[in-house]
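Please read all numbers here as calculations on a predicted model, not as lab measurements. Numbered from 1 within each chain, the chains take letters A, B, ... in sequence-line order.
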There are 2 protein chains.
Amino acid sequence: MGVTIHQVAEIAGVSTCTVSLALRNSPRVKERTKTRIVAVAKELNYRPNALGRALSLQKSSTIGVTLPDISNPFYSRITQGIEEVTSKFGYHVILCNTKYDLEKEANSVHAMLGRKIDGLIISPVESVSYDYLKELKREGIPFVSLRRLPVEEVDYVMANDEEAAYELTKHLISLGYKRIGYIGNTKCGFTDHDRLLGYRRALQDQGLTYDETRVVETGFGMKDGYRASMNLLTRDSKPRAIIAFSDILAMGILLAAKELGIKVPQELAVVGFDDIEFSQSCLVPLTTMALPKYDIGARAAGLLIRKIEQRQQTDAGEISLEEVHRIVLKCKLIIRESCGAYLKIKKR
Amino acid sequence: MGVTIHQVAEIAGVSTCTVSLALRNSPRVKERTKTRIVAVAKELNYRPNALGRALSLQKSSTIGVTLPDISNPFYSRITQGIEEVTSKFGYHVILCNTKYDLEKEANSVHAMLGRKIDGLIISPVESVSYDYLKELKREGIPFVSLRRLPVEEVDYVMANDEEAAYELTKHLISLGYKRIGYIGNTKCGFTDHDRLLGYRRALQDQGLTYDETRVVETGFGMKDGYRASMNLLTRDSKPRAIIAFSDILAMGILLAAKELGIKVPQELAVVGFDDIEFSQSCLVPLTTMALPKYDIGARAAGLLIRKIEQRQQTDAGEISLEEVHRIVLKCKLIIRESCGAYLKIKKR
DNA sequence: CTGAAAGCGCTAACAC
DNA sequence: GTGTTAGCGCTTTCAG
């Protein structure tokens with residue numbers, strides 16, 4: 001159907017080999033024939049078949065990216081970081097949504113492997129085994145996780161979740177809140193776990209007791225935040241402040257509070273993580289721990305590409321003593337209205 | 001590196017051909033050898049190389065999707081619709097972000113063609129020529145646009161923008177507003193154009209004069225909405241209501257109004273298009289014209305796949321008299337707080 | 001019911 | 001400088 005290298009070769013009166021070289025601007029072919037070939041190729045509207053190329057080269061110049069949900073602005077921002085650097089290095093990206101579903105995740109990974117991706121960036125859903133990741137390791141496919149994992153020797157790029165949660169909690173405590181709840185997202189494995197740890201450590205460091213009845217684990221959507229906070233806010237001893245695992249969950253809390261006639265931040269402080277764009281323009285602009293989303297993506301992509309290309313060097317068969325790369329990035333507290341900090345300042 | 005069909009064949013003691021057939025469960029191969037082959041394949045963890053397959057079959061089972069910005073929840077919802085149906089029919093999706101940039105768009109399309117996508121779904125950015133779309137037509141690549149275009153015989157799936165804008169405007173007029181502004185997005189070609197037409201027609205039908213100084217064209221981001229409305233709202237005769245091309249622009253308006261101390265909806269009504277998830281939880285929950293985002297994606301994908309597969313039938317060389325498909329879907333008005341409808345009701 | 005051989009489009013040794 | 005040849009992994013006639 002399409003025009004192939006053969007037709008270009010024939011019309012230009014050379015061999016396919018020469019065309020191939022000429023179009024990649026090899027010094028091995030004379031300038032004059034090169035320009036002729038380029039002209040013919042353009043004339044015919046020739047577009048090299050990436051499939052054939054990949055098959056021959058044993059390299060697709062494609063990396064796979066597997067995320068829970070690209071429609072979540074948090075992940076789409078990460079994706080931007082990834083695309084920025086992959087495209088700079090001449091790689092393409094195949095995206096997969098797992099919808100926080102373990103089976104879908106495994107399927108996606110397998111599908112991508114079948115398409116001969118050169119490497120993979122993955123934000124794995126909580127799982128007991130992480131089997132397919134072990135499989136990746138065994139098969140020597142370079143990959144980078146966006147989460148810390150209970151699997152040995154996995155490279156990852158992530159935020160310092162424990163520390164960030166610690167600071168966020170401390171911020172609330174410093175504003176005078178004592179009954180502080182936490183709404184987490186079970187699907188997010190260690191990320192949630194680490195934040196919970198930071199939250200707990202901050203409470204204890206500041207002489208407050210950790211009360212596990214004030215912790216509720218839920219899903220990832222706004223509705224989940226709504227439901228979980230409804231649970232928390234309709235009790236006798238309801239929290240005076242709530243930390244949400246994400247801004248999206250926090251927005252769900254805002255919705256619930258509104259419905260219950262609870263004023264934020266006057267009667268309830270709400271804070272989240274992520275700092276997605278909409279956090280500035282939601283019902284009550286959110287105080288949030290901003291994650292370096294773009295950088296997470298960019299660094300992960302950079303690391304992955306480095307791994308891919310160094311593997312191609314070491315192709316001799318010797319397995320290089322692989323070092324494990326762990327990149328942990330800092331977060332930044334963004335103070336807006338929902339935590340009540342501005343209220344306190346006014347009062348004084 | 002990976003395990004190939006040859007190794008499976010060798011170990012199972014058959015030819016590659018038989019393996020190929022067996023794994024696709026052809027009746028041409030005996031049950032017993034079939035099970036043996038399947039066992040070996042599983043044992044070796046064999047995964048067919050999609051590249052080889054595509055090359056041989058002249059069909060990649062991949063469709064390209066080119067959108068301005070996947071981090072925009074509007075487009076990510078469309079993407080969900082697309083993925084739902086493509087995966088049902090065994091197609092994969094390659095996504096490209098054009099960032100509303102014409103050159104990037106053209107490049108993406110070419111890159112995808114090089115990867116031998118079987119078809120393309122595209123939401124084209126405003127352009128004078130739409131050259132590469134004509135190219136697609138010429139080369140016979142099936143594609144579906146998500147916008148009406150000034151190019152002949154292009155299949156598309158879209159919302160009834162003119163009608164929807166008409167209704168939305170009428171809604172505002174029915175609430176008693178007279179000075180109604182419009183903030184548009186130039187990048188969106190006919191979509192913006194059609195909505196402007198509907199807006200205008202509604203004004204005139206209701207006996208109001210169309211005042212072009214109340215129309216300002218801008219970009220697609222929240223900041224653009226902010227800036228454009230700042231312009232509109234700091235004039236002597238500022239509008240009493242504003243229609244934004246999208247909810248994201250509308251959120252920018254809310255931000256500007258807040259900064260200016262203008263109360264929404266008491267002093268300014270704001271409405272948008274799209275109904276993204278965050279529209280319910282933004283500063284003032286938005287009244288908006290909900291687009292059937294998911295359906296747009298799903299229908300586009302369905303149409304495209306039909307085109308792809310019927311083209312494969314007609315492969316004999318005869319060009320079937322192609323009919324042009326134009327699918328126009330209805331929108332739905334979602335009334336929340338930002339238009340002030342509830343205020344009016346309370347007053348009565 | 002199974003195998004041999006050719007070919008999809010491209011690249012890379014190795015000749016000339 | 002350029003061409004020949006083989007091969008990447010898979011499918012598919014066409015024979016057996």
Can you give me every donor-acceptor pair (side chain of residues 294-306 of chain B, partner residue at least two apart or in another chain, under 3.5 Å) with its distance?
none

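- The residue from A/T98, A/V125, A/N97, A/I94 that alone fulfils the side chain to side chain contact (heavy atoms under 4.5 Å, CB included) condition with A/T66 is A/T98.
- For the pair A/K30 NZ and D/dG3 P, the computed distance is 10 Å after rounding to whole Å.
- Taking atom NZ of B/K34 as the reference point, atom P of C/dC1 lies 10 Å away to the nearest angstrom.
- Closest non-hydrogen pair, B/L149 versus B/F190, comes out as C-CE1, 3.7 Å.
- Atom CD in A/E10 sits about 18 Å away from atom P in D/dT2, given to the nearest Å.
- A parallel orientation is assigned to the rings of B/Y100 and B/F220, their planes being inclined by less than 30° (bins at 30° and 60°).
- Taking the side chain as every heavy atom from C-beta outward, B/I11 and B/E43 never approach each other to under 4.5 Å.
- For B/T18 and C/dG3, the shortest distance from a side-chain N or O to OP1 or OP2 is below 4.0 Å.
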Where protein sits on nucleotides 11-16 of chain C, one letter per nucleotide: B base, S sugar-phosphate only, - none, heavy atoms under 4.0 Å: SBBB--
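- Taking side-chain N and O atoms only, B/Q7 has no distance below 4.0 Å to OP1 or OP2 of D/dG9.
- Atom NE2 of B/H6 is separated from atom C1' of D/dG7 by 10 Å (rounded to the nearest Å).
- In this entry the distance linking NZ of B/K116 with P of C/dG9 reads 8 Å, nearest Å.
- Between the P atom of C/dT2 and the CD atom of B/E31 lies a distance of 10 Å, rounded to the nearest Å.
- B/L55 has its CG atom 9 Å from the P atom of C/dC10, to the nearest Å.
- Rounded to whole Å, the distance from CZ on B/R115 to P on C/dC10 is 14 Å.
- One axis for each end of the helix from C/dC1-D/dG16 to C/dC16-D/dG1, each built from five base pairs, and the angle between them comes to 40° at 10° resolution.
- Position along DNA chain D of the nearest nucleotide to A/P27 versus B/A50 favours A/P27 as the more 5'-ward residue.
- A side-chain donor-acceptor contact under 3.5 Å links B/R115 and A/T62.
- Side-chain polar atoms of B/T79 and B/S76 form no donor-acceptor pair below 3.5 angstrom.
- Summarising the geometry, atom CG belonging to A/D155 is positioned 11.5 Å from atom CD1 belonging to A/I121; distances are rounded to the nearest 0.5 Å.
- In this structure, A/Q58 reaches the D/dG9 phosphate: one of its side-chain N or O atoms is under 4.0 Å from OP1 or OP2.
- Using a 4.0 Å heavy-atom criterion, one finds that A/G13 contacts the sugar-phosphate atoms exclusively.
- A/K88 NZ: 12 or fewer foreign heavy atoms inside a 6.0 Å radius.
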